Enquirer: 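Structure incoming, see below.
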Amino acid sequence: MKKTFFLLIALLITQLIFAQQFVPNYDESKVPKFVVPDPLVTFNQKKVKNVKDWEKKRRPELLKIFTQNMFGEIPGDLKILSVEILEQSENAYNGKAKRKQVLLHFEKNGKKLGFTILLYLPKNVEKAPLFLGYNFYGNHTVANDADIIISDAWVENNPSFGIINNQLTEQSRGVRSNRWAIEKMLESGIGLATIYYGEVDPDKNDFTDGIHPLFYTDDQKHPAKNEWGSIAAWSWGLSRAMDYLVTDSDVDVSKVIVFGHSRLGKTSLWAGATDQRFAAVISNNSGCGGAALSKRKFGETVGRINTAFPHWFCDNFKNYNNKEELMPFDQHEMLALIAPRPLYVASAEDDQWADPKGELLGAYYATPVFNLYGKKGITITELPPVNQPILNTLAYHIRTGKHDVTEYDWEQYIKWAKEQLNIE
Ligand code: GCU
């Protein structure tokens, strides 16, 4: 009895400390003064003067520091074991698209994993450019299409989508069609490839499922401190999807645009940074750990994200909980890793948790690297008016509304992608 009482008090105190520590700041005047690391100066204080210096010295050292201190190393190689076409149709999406559902099989150390790519390809295009992005609740949620196979992978419950017992059902078919402007993509001659992210790694603090265990040795239960969290695992999945896409003769592999919203926007950025086969990258409301500068400590912070989602980054990233000022890097340098490929950073006005200004500044401070290649980026440090996109190679917009992916966002992405990648 006494023991339970003390345990309860201890729990209460911990919660109180936690609550106090993580009161988010939304007041610009309370943003601490901070030094933005110069993407064009190496850790040895050498100035990066040209593309060669960037590609040979600075880019690799930045990639390394993000890998070891934030997203985590992938502990080995794993290629697709086999490709299974589960279903295909020449006449999908009201006759506007070809559809394919392709299951990729993996196996390592006697353990197996598979994930399914749903593809919609515009019918009138011989080799289609593609948006490639994960969805949150299963492939069958992205369109009202009775032929999309329902995943049996673990899913977060969401009663409003009829998801209980962590299982997907018929009830959630099409519930996220509002987030995927498939019709508009197809009309613009661009296809969509999407994957349910939970098939690669279920989004929970449990490293015994998903892709991680395939790489474990002996009785290992958790990746090492410098090894991959879930975001690196999801971005690994995007690269494996790309391994398949390069073999699909219906796809223009030189025009695959990796897209993601929120945690999956952090993922698309990391995928773009680590895999240069992605021709362009879109980060929709990616916020903390995505496009937003961590050192601003505005909205979500490093300590908060690592506490609420301890499995997203590698354990080393926790060294910077409430110590953002000690970080020798910041998110603008992750954006710079994508240069000179087109990169779109998008914010939403009511999404202060993701720090729109921090996302803009991420793009602003990444711009010198894009300039090194003669590409245009972001030259303003104050937010532009809402719904007035800046469509440079490094593009930015802040739209009205909440944390979401809207028709408006897709209209900009499509227009920009067509311009940047010369899509007819
Ligand atoms: C939470 C989290 C964010 C994340 C978001 C999402 O709000 O704190 O970092 O981007 O979930 O993925 O929807």
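Whatever order the structure lists ligands and atoms in, that order sets their numbers, starting from 1. Keep in mind the model is a prediction, meaning the values are calculated, not measured.
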Enquirer: Provide the number and element of each atom of ligand 1 under 4.0 Å from a heavy atom of Phe309.
Expert: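 Within the 4.0 Å cut-off of Phe309, ligand 1 contributes 1 (C), 2 (C), 8 (O).
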Enquirer: Starting from atom 7 (O) of ligand 1, find the nearest protein heavy-atom neighbour and note its residue, name and distance.
Expert: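 Result for atom 7 (O) of ligand 1: Trp353 NE1, 3.2 Å.
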Enquirer: Can you see whether Asn306 engages Tyr320 through a side-chain donor-acceptor pair at a distance of less than 3.5 angstrom?
Expert: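 Checked: Asn306/Tyr320 side chains show no N/O donor-acceptor pair below 3.5 Å.
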Enquirer: Evaluate the ring planes of Trp236 and Phe215, with Trp represented by its six-membered ring, and classify them as parallel (under 30°), tilted (30 to 60°) or perpendicular (over 60°).
Expert: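 Perpendicular, since the angle between the ring planes exceeds 60°.
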Enquirer: Return the closest protein heavy atom for atom 10 (O) of ligand 1 as residue, atom name and distance.
Expert: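 Ranked first by proximity to atom 10 (O) of ligand 1 is Ser262 OG, 2.6 Å.
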Enquirer: Of the backbone atoms (N, CA, C, O) and the side-chain heavy atoms from C-beta on, which set of Lys266 has a member under 4.0 Å from an atom of ligand 1: side chain, backbone, both, or neither?
Expert: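 Side chain only.
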Enquirer: Look at atom 12 (O) of ligand 1 and say which protein heavy atom is nearest, naming residue and atom and giving the distance to 0.1 Å.
Expert: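 Checking every protein heavy atom, the shortest distance to atom 12 (O) of ligand 1 gives Arg263 NE, 2.5 Å.
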Enquirer: Any heavy atom of His403 sitting closer than 4.0 Å to ligand 1?
Expert: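 Yes.
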Enquirer: How long is the gap from OG on Ser177 to CD1 on Ile182, to the nearest 0.5 Å?
Expert: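 Going from the OG atom of Ser177 to the CD1 atom of Ile182 covers 8.0 Å.
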Enquirer: Parallel, tilted or perpendicular: which one describes the rings of Trp180 and Phe259, with boundaries at 30° and 60°?
Expert: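 It falls in the perpendicular class, over 60°.
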Enquirer: For residues Thr67 and Glu73, is any side-chain donor paired with an opposing acceptor at under 3.5 Å?
Expert: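 Thr67 vs Glu73: no donor-acceptor pair found between side chains.
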Enquirer: Side chain, backbone, both or neither: which part of Ile305 has a heavy atom under 4.0 Å from ligand 1?
Expert: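 Near ligand 1, Ile305 shows its side chain, while the N, CA, C and O stay back.
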Enquirer: Scan side-chain atoms only and decide if Asp145 and Tyr93 contain a donor-acceptor pair under the 3.5 Å cut-off.
Expert: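 Short answer, no.
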Enquirer: To check your reading of the model: name the closest protein heavy atom to atom 9 (O) of ligand 1, its residue, and the distance in Å.
Expert: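 Scanning the protein heavy atoms, the shortest distance from atom 9 (O) of ligand 1 goes to Glu300 OE1, 2.5 Å.
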